[in-house]
Amino acid sequence: MFGFMIGSDVGRVGEREFESRTTGRLSRRGGGYRAIGQEFELEFVPAKDMRVELGTSMAAHDIEGVTGLADRRQSGWQGLSIDLRYRFLNREHHPFGLTLRVEAGTSRIDNGSGLPARSTGGDITLALDREWIPNFLVAAINLTYQPEWSRLSFGGTEREATIGIAGAMMAQLRPGFYLGGEARYLRTYEGFGLQEFSGDALFIGPSAYLQLSPRAWLAAAWSVQAWGRDSRPGSSLNLEGFERHQARLIYGIGF
């Protein structure tokens with residue numbers, strides 16, 4: 001249902017789904033920055049309250065005149081990922097739903113700079129949601145920790161981590177169509193243990209979900225960086241570590 005967040009639902013035993021996720025990231029300091037990531041995932045539910053997703057991704061970058069980044073125009077296959085989710089609480093039987101997501105992946109292209117890299121990363125997310133008004137209003141909260149280790153093409157090694165909290169609210173305006181918004185606050189650090197703070201950003205924007213058929217659905221979201229801090233004293237936006245705009249389109253179909 002959400003764009004940049006996840007809910008607690010994992011599906012019913014035996015369900016299978018193909019999902020396409022396209023993410024666009026636009027605008028950094030000093031020049032033109034456009035990056036597009038395309039992910040394809042196969043998802044299945046092998047047991048009650050458990051979901052497994054296997055994915056592959058591609059990345060494209062068009063960078064020109066951006067402060068701190070080399071000009072680059074390229075596209076290519078990026079990497080593989082596995083996503084495991086376990087639902088501890090089902091919101092149909094408890095006051096709220098609670099699901100733990102653990103994702104791991106490898107990448108051969110650095111997300112920010114587009115440079116060749118060998119990266120290994122993870123995403124640990126705790127998702128809570130509740131249907132405040134049955135069949136009308138749903139709210140969700142995500143808590144995330146994302147460590148990443150990278151060796152870039154010029155030989156440098158980076159160890160960094162991102163933590164964040166996000167919230168969303170979606171209202172069903174007509175059967176199968178939800179409209180709402182998401183807000184995400186992200187903080188980046190040098191080192192997996194959050195040793196040195198390097199920047200933060202607040203993203204806010206609308207999201208929508210449309211049930212196309214009993215088996216197919218579409219979700220879309222757009223976020224703008226409303227506030228942030230980077231290495232510049234007194235900065236009001238973080239355009240070194242994050243983009244000004246982020247957009248996502250997700251299509252899913254069961255089979």
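Count residues from 1 along the sequence.
Between Phe242 and Phe203, the two ring planes are perpendicular [angle over 60°; tilted spans 30° to 60°].
The closest donor-acceptor contact from the side chain of His61 to the backbone of Asn111 lies under 3.5 Å. Proximity of a side-chain donor or acceptor of Gln172 to a complementary backbone N or O of Gly176 within less than 3.5 Å is detected. At least one donor-acceptor pair closer than 3.5 Å links the side chain of Arg108 to the backbone N or O of Trp77. Although no hydrogens or angles enter the test, the distance criterion places a donor-acceptor pair under 3.5 Å between the side chain of Gln225 and the main chain of Asn238.
The neighbour count for Leu202 CG, taken as heavy atoms of other residues, nucleotides or ligands under 6.0 Å away, is above 12. Under a cut-off of 6.0 angstrom, the local environment of CZ in Arg73 is sparse, with at most 12 non-hydrogen atoms contributed by other residues, nucleotides or ligands. Within a 6.0 Å sphere centred on CH2 of Trp132, other residues, nucleotides and ligands contribute 12 heavy atoms or fewer. With a 6.0 Å radius and a threshold of 12 heavy atoms from other residues, nucleotides or ligands, Glu64 has its CD atom at or below the threshold. No more than 12 heavy atoms of other residues, nucleotides or ligands lie within 6.0 Å of CD in Glu92, so this atom counts as exposed by the packing criterion. Crowding of Arg29 atom CZ: a count of heavy atoms from other residues, nucleotides or ligands under 6.0 Å exceeding 12.
Taking CG of Asn142 as the start and CD of Glu182 as the end, the distance is 8.5 Å to the nearest 0.5 Å. Atom CG of Leu249 is separated from atom OG of Ser20 by 7.5 Å, given to the nearest 0.5 angstrom. Between Phe136 atom CZ and Glu131 atom CD the span is 11.0 Å, to the nearest 0.5 Å. Atoms OG1 and CD, from Thr162 and Glu148 in turn, are 8.0 Å apart once rounded to the nearest 0.5 Å. In this structure, OG on Ser75 lies 12.0 Å from CD on Gln38, to the nearest 0.5 angstrom. For the atom pair CZ (Phe44) and CD (Glu17), the distance works out to 13.0 Å, reported to the nearest 0.5 Å.
Taking each heavy atom of Asp129 and Asp9 in turn, the nearest pair found is OD2-N, 4.5 Å. Taking each heavy atom of Ala70 and Ile63 in turn, the nearest pair found is O-CG2, 3.7 Å. Shortest non-hydrogen contact noted between Tyr145 and Phe192 is OH-O, 2.7 Å. Summarising the geometry of Gly112 relative to Arg28, their closest heavy-atom pair is CA-NH2, 4.1 Å, with the distance given to 0.1 Å. Nearest heavy atom pair, residue Ser57 against residue Glu39, reads CB-CG, 3.8 Å.
The side-chain heavy atoms of Tyr178 and Gln211, taken from C-beta on, include no pair separated by under 4.5 Å. Using a 4.5 Å cut-off on side-chain heavy atoms (C-beta onward), Val224 and Arg244 make contact. Looking at Pro46 and Val52, their side chains come closer than 4.5 Å, going by heavy atoms from C-beta outward. Between Glu41 and Glu19 the shortest side-chain heavy-atom distance falls below 4.5 Å. At a threshold of 4.5 Å between non-hydrogen side-chain atoms, the residues Glu160 and Ser198 do not count as touching. Looking only at side-chain heavy atoms (C-beta outward), Trp227 and Ile204 stay at 4.5 Å or farther from each other.
Paired with Arg25 under the rule side-chain contact (heavy atoms from CB on, under 4.5 Å), one option of Arg34, Gln246, His245 passes, and it is Gln246.
The side chain to side chain donor-acceptor pair (under 3.5 Å) test applied to Thr99 returns no partner, not counting sequence neighbours. Residues satisfying the ring-ring contact (aromatic ring centres under 6.0 Å, His included) test with Tyr86, not counting sequence neighbours, are Phe88. With sequence neighbours left out, the side chain to side chain donor-acceptor pair (under 3.5 Å) criterion links Asp49 to Arg87. Under the ring-ring contact (aromatic ring centres under 6.0 Å, His included) criterion, Phe197 pairs with Tyr189, not counting sequence neighbours. Phe177 meets the ring-ring contact (aromatic ring centres under 6.0 Å, His included) test with no other residue; sequence neighbours excluded.
Cluster partners of Ile109 are absent, since no Ile, Leu, Val, Met, Phe, Trp or Tyr has side-chain heavy atoms less than 4.5 Å from it.
Hydrophobic clustering (ILVMFWY, side-chain heavy atoms < 4.5 Å, transitive): Trp217 and Met1 are in one cluster. Each of Tyr209 and Leu218 belongs to its own hydrophobic cluster when Ile, Leu, Val, Met, Phe, Trp and Tyr are linked at side-chain heavy-atom distances under 4.5 angstrom.
Residues Ser81 and Asp83 bring no donor and acceptor atom of their side chains to less than 3.5 Å of each other. Residues Ser235 and Asp230 bring a donor and an acceptor atom of their side chains to less than 3.5 Å of each other. For the residue pair Ser27/Glu243, the side-chain donor-acceptor check at 3.5 Å is not satisfied.
For the pair Arg51 and Glu15, the salt-bridge criterion is not met [side-chain N within less than 4.0 Å of a carboxylate O].
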Stepwise side-chain hydrogen bond (donor to acceptor under 3.5 Å, both in side chains) check, Glu240 with Thr67: CA-CA 8 Å; Glu240 292 181 358; Thr67 304; over 6 Å; no
Hey, mind stepping through Arg130 and Arg91 against side-chain contact (heavy atoms from CB on, under 4.5 Å) and telling me if it holds? CA-CA 6 Å; Arg130 179 174 178 176; Arg91 68 170 182 264; 5.8 Å; no
Starting from the C-alpha separation in whole Å, work towards a yes-or-no answer on side-chain hydrogen bond (donor to acceptor under 3.5 Å, both in side chains) for Thr23 and Arg248. CA-CA 4 Å; Thr23 304; Arg248 178 168 287 176; 2.9 Å; yes
